[in-house]
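Residue numbers begin at 1 in each chain, while the letters A, B, ... track the order of the sequences. Computed from heavy atoms alone, side chains included, the values below leave out hydrogens, waters and symmetry copies.
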Amino acid sequence: MRLSRYFLPVLKENPADAQIASHRFMLRAGMIKQQQAGIYSWLPLGFRVLRKLENIVHEEQVRAGHIPMLMPTLQPADLWRESGRYDDYGEEMLRIKDRHGREMLYGPTNEEMITDIFRAHVNSYKDLPLTLYHIQWKFRDEIRPRFGVMRGREFFMKDGYNFDIDYEHAIHAYNRHMVSYLRTYERMGLQAIPMRADSGPIGGDDTHEFLVLAETGESEVFYDSAITDLKLGDRVIDYDDWDEVAGICREWTTPYARTDETHDEAVFAAEVPEERRRSARGIEVGQIFYFGTKYSEPMGAMVTTESGERVPVHMGSHGIGVSRLVGAIIEANHDENGIIWPEGVTPFHAGIVNLRQGDAATDAACEALYAGLKARGLEALYDDREERAGAKFATMDLIGLPWRITVGPRGLAKGVVELTSRRSGESEEMSAEAAIERLAEIYAPHRGTPVF
RNA sequence: CGGGGCGUAGCGCAGCCUGGUAGCGCGCCUGUUUUGGGUACAGGAGGUCGUGAGUUCGAAUCUCGCCGCCCCGACCA
């Protein structure tokens, strides 16, 4: 993408309304524009990141054997009356009437709707296990939205629902989700720690929240520092292998890690040596629940077992806050100059800065570089504006592309360009070809592939 | 919802107390200049002062209503 033809409305000054780094940088980098309290337009740069995250989530869900679909944002009130949540959910649910006076709501979650779909089409244990998910906009009419997309009212979320014949199968689904989530966050360059949590309005017995450690987190967390050394890495996982999946969950849930809601100081002290006890703040970026027959029973989602018995299906639900993650990633990856995107989620793989726009040789070198990166499947943002070097560097730092290639007459005279890491600030001179080669290597592990 | 604050040019703000129909910085446009970290100079465009009513000869400024936004708290993916 040539910056001169892109839409990147960056702000030089800090917007008054933005309190925390992610909100400030998202506004300054031209990623979002607020339309109402807690409701944002996603401008091109922000949209690219959102799509990258969405794609990673899809890839990891499909890898775990879960099936993508799409449910509507508007739901009929009657469905929620069946589960009893129409009255329970309270003011947080946005209620609407259509022209005929029919009561509807902008869905804050989809347990009722997915259960309705299930009961309409599934009757036998032979169709289980089944896990369906979608990534869709949700709405929760927060009393007080704040922190930009971290706590908006409208938000983009992956929510998945598993249907299983009994408790044991449902727990495997739960474990499978935990592992798939660990891998999802890891690919996004995040360390998200599963912590034992409270179930809240979704209800249920087993539940873990995933928290990203960040100073601006809304929850206080307590954990054994050993947990932050755990890495999934590139181990191959068979999601149908109950023992393997449970083993990975054990690895991550054995070290103490809880939010203030479930924290127990006595247990913390007994289980964790003092030098490994940590307290910090965390941003919740996902949660998994097992809730058994909470919805299937009142809504009549029954299946026939092998022995001919009709039983309510065991369910769980699992969410990842995709739009919130954009903010969480920035909270965990920024400095005073702007964002520092992890390679897995960056909106462009590299930035090209032309230091002498209009100079035939520099222009040609930049064009060749741009084409060369494209040929290797890498997306560059080429700053071809008539701007001074300082302005171009400042923009690149702000929008946080992890790699920058600087092209100027001085370097070209020596036959080199400069490759700079946004994270370390270190630069290295090399030929344009070598820079392309290097970037191709760097991004080799971060290539997404369309999954469905 | 309780408490606090704000709404003046695209963004950040001053002006309001002590009414006389707007100003600064950044950004934008033009020209010159500069050219490896937001260059300098000159010229220029751009404002229903959130909105409605009231007071007044006269309201951005005073009074009341409404709308919107932000912060703290309770609440929350």
Side-chain angles (χ1 to χ4, degrees), chain A residues 9-20 23-24 27-28 30 33-39 89-93 107-110 135-159 181 192 197-202 207-212 217-219 259 261 282-289 317-328 337-338 353-359 362 383 385-398 404-414 416-418 420 425 427 429:
Chain A
V10 299
L11 268 30
K12 206 163 167 178
E13 286 170 287
N14 280 323
D17 291 345
Q19 305 298 313
I20 61 169
H23 189 195
R24 204 165 57 231
L27 289 167
R28 284 198 49 202
K33 180 189 185 303
Q34 181 173 327
Q35 304 293 163
Q36 283 181 72
I39 300 179
Y89 222 91
E91 293 289 301
E92 224 178 76
M93 189 156 74
T109 176
N110 286 64
I135 305 181
Q136 175 65 291
W137 291 96
K138 310 277 192 299
F139 196 93
R140 290 183 195 171
D141 199 359
E142 297 282 347
I143 299 169
R144 193 185 150 211
R146 63 184 111 173
F147 304 148
V149 300
M150 294 254 291
R151 187 157 167 214
R153 293 195 291 171
E154 189 179 43
F155 57 99
F156 200 47
M157 178 178 168
K158 172 263 166 182
D159 47 323
Y181 278 25
D198 258 359
S199 60
I202 308 282
T207 176
H208 280 85
E209 287 180 340
F210 290 78
L211 287 109
V212 172
E218 72 274 44
S219 318
T259 65
E261 290 171 335
I283 301 166
E284 192 192 328
V285 293
Q287 188 160 11
I288 55 177
F289 301 90
S317 73
H318 319 274
I320 293 180
V322 180
S323 51
R324 158 176 277 206
L325 269 166
V326 179
N337 296 320
V353 168
N354 184 341
L355 292 173
R356 184 79 56 91
Q357 203 69 45
D359 176 88
T362 345
D383 191 343
R385 296 171 305 162
E386 299 285 344
E387 286 287 350
R388 294 177 53 89
K392 292 190 178 189
F393 290 143
T395 298
M396 285 297 174
D397 287 349
L398 175 63
R404 186 186 80 206
I405 304 175
T406 309
V407 182
R410 210 181 284 171
L412 287 181
K414 293 187 286 176
V416 297
V417 298
E418 193 179 76
T420 306
S427 293
E429 293 192 333

- Spacing of the C1' atoms in B/A42 and B/G10 (rounded, Å): 23 Å
- Message: What is the separation between atom CD on A/Glu387 and atom C1' on B/C28, rounded to the nearest whole Å?
- Response: 12 Å
- Task: Please state how far atom CD in A/Gln35 lies from atom P in B/G68, giving the value in whole angstrom units.
- Result: 15 Å
- Choosing from B/C76, B/G12, B/G37, which nucleotide comes nearest the side chain of A/Asp397? B/G37
- Any side-chain heavy-atom pair of A/Glu91 and A/Met93 under 4.5 Å: no
- Item | Toward the 5' end of RNA chain B, by each residue's nearest nucleotide, A/Ala18 or A/Asn14 | A/Asn14
- Send over the distance from A/Gln34 CD to B/G7 P, rounded to a whole Å. 17 Å
- Watson-Crick or G-U wobble partner for B/U48, using a 3.5 Å limit on both distances? none
- Message: Using atom P in both nucleotides, what's the gap between B/U61 and B/G7 to the nearest angstrom?
- Response: 12 Å
- Check for a donor-acceptor pair, side chain of A/Thr207 on one end and backbone N or O of A/Ile288 on the other, with a separation under 3.5 Å. yes
- Task: Can you tell me the pairing partner of B/C6 across any strand shown, Watson-Crick or G-U wobble, with both distances under 3.5 angstrom?
- Result: B/G68
- Task: Provide the Watson-Crick or G-U wobble partner of B/C24, both distances under 3.5 Å; none if there is no partner.
- Result: B/G12
- Item | Gap between atoms CG and P, on A/Leu27 and B/G10 respectively (whole Å) | 17 Å
- Message: For B/C1, give the paired nucleotide (Watson-Crick: N1-N3 plus N6-O4 or O6-N4; G-U: N1-O2 and O6-N3; both under 3.5 Å), or none.
- Response: B/G73
- Indicate, with a heavy-atom threshold strictly under 4.0 Å, whether A/Ala37 touches base, sugar-phosphate, or nothing. sugar-phosphate
- Query: When the C1' atoms of B/G12 and B/C70 are considered, how many whole Å apart are they?
  - Reply: 15 Å
- Is there a Watson-Crick or G-U wobble partner for B/U61 with both distances under 3.5 Å, and if so, which one is it? none
- Mate of B/U55 where both pairing distances stay under 3.5 Å, Watson-Crick or G-U: none
- Value in whole Å for how far the P atom of B/U39 lies from CG of A/Leu355: 14 Å
- Query: If we take the P atom in both B/G68 and B/G52, what is their distance in whole Å?
  - Reply: 16 Å
- Which nucleotide in B/C70, B/C75, B/G38 has an atom nearest any side-chain atom of A/Thr395: B/G38
- Geometric class of the A/Phe210/A/Tyr181 ring pair [parallel <30°, tilted 30-60°, perpendicular >60°]: tilted
- Item | Closest listed nucleotide, where the reference is the side chain of A/Arg144 and the choices are B/G12, B/C70, B/G73 | B/G73
- Complementary nucleotide for B/U34 - Watson-Crick or wobble, under 3.5 Å: none
- Message: Taking only the C1' atom of each, what is the distance from B/G15 to B/G20 in whole angstrom?
- Response: 14 Å
- In whole angstroms, how far is the C1' atom of B/G36 from the CE atom of A/Met396? 15 Å
- Item | Nearest-angstrom distance from the residue atom CG of A/Leu398 to C1' of B/C11 | 14 Å
- Message: Tell me the interatomic distance from A/Arg153, atom CZ, to B/G68, atom P, rounded to whole angstroms.
- Response: 10 Å
- Task: Return the nearest nucleotide to the side chain of A/Pro15; candidates are B/C75, B/C70, B/G12.
- Result: B/G12
